[in-house]
Amino acid sequence: MRKTIRIFLLVLVVTFIVAQFYRPEKNTSEASENNILMLHSVPDEVAGLLKNSCFDCHSNNTTYRWYHNISPVSWMVADHIREGKKELNFSEWGNMDIFSQITKLEEMCQESEHRKMPLKSYLLMHSKAKLSDEQIATLCDWTTRLSEELLVKAAEE
Ligand code: HEC
């Protein structure tokens, strides 16, 4: 019995070590002119909270921490980023048409109000990314204002 446990632990350790040789590609790239912060006038407070609470999963630039290099955390993180960017990528904001932008703005406010974003698992390790009620109100004021501006622009075009 003790031998079985020892073999099991050995297999576990070897698997862990071998897994470290497989790393997902890092999510980093050059600044893009399609970034939401380049295209709209975003108040500093809103820009700050987007960068601090959303950009790690919804942009082409993630701020990594040391433990993000360790498998299987590295794969979990890569998965969140892939899924997050598929839904919304602030670095590629300018590539969406106006109506998609308006929809995303509305969703940004809703997801934050319903505390679905940032993801709970992310908040466990990034407590500073948690949005206060005040920050959510600021975000929603801004998303509402910008959607109205975009609607007017769409009507003019
Ligand atoms: C840890 C990664 C992570 C962070 C941080 C994060 N998101 Fe997400 N987000 C995701 C993932 C993964 C999805 C897609 C799956 C889902 O909806 O749960 C998503 C989906 C979304 C969607 C689309 C929802 C839908 O159902 O269509 C919106 C909008 C969104 N996030 C906004 C935000 C905002 C705003 C922030 C910052 C306040 C934020 N996210 C922070 C990972 C993240």
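Whatever order the structure lists ligands and atoms in, that order sets their numbers, starting from 1. For reference, positions follow the sequence shown, starting with 1.
A side-chain donor from one of Ser100 and Asp97 sits under 3.5 Å from a side-chain acceptor of the other. Side-chain N/O atoms of Tyr122 and Asp56 include a donor and acceptor closer than 3.5 Å.
In this structure, the side chains of Leu37 and Lys51 come closer than 4.5 Å at one or more pairs of heavy atoms. When side chains are defined from C-beta on, Leu49 does not count as touching Trp142, because their heavy atoms never get closer than 4.5 Å.
Applying the disulfide bond (SG atoms under 2.5 Å apart) rule to pairs touching residues 60-157 yields Cys109-Cys140, sequence neighbours excluded.
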Between ligand 1 and the protein, which N/O pairs are shorter than 3.5 Å?
unit_1	atom_1	unit_2	atom_2	d
ligand 1	7 (N)	His58	NE2	2.8
ligand 1	9 (N)	His58	NE2	2.9
ligand 1	27 (O)	Glu87	OE1	3.2
ligand 1	27 (O)	Glu107	OE1	3.2
ligand 1	31 (N)	His58	NE2	2.9
ligand 1	40 (N)	His58	NE2	2.7

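Other residues, nucleotides and ligands place no more than 12 heavy atoms under 6.0 Å from the CZ atom of Phe8.
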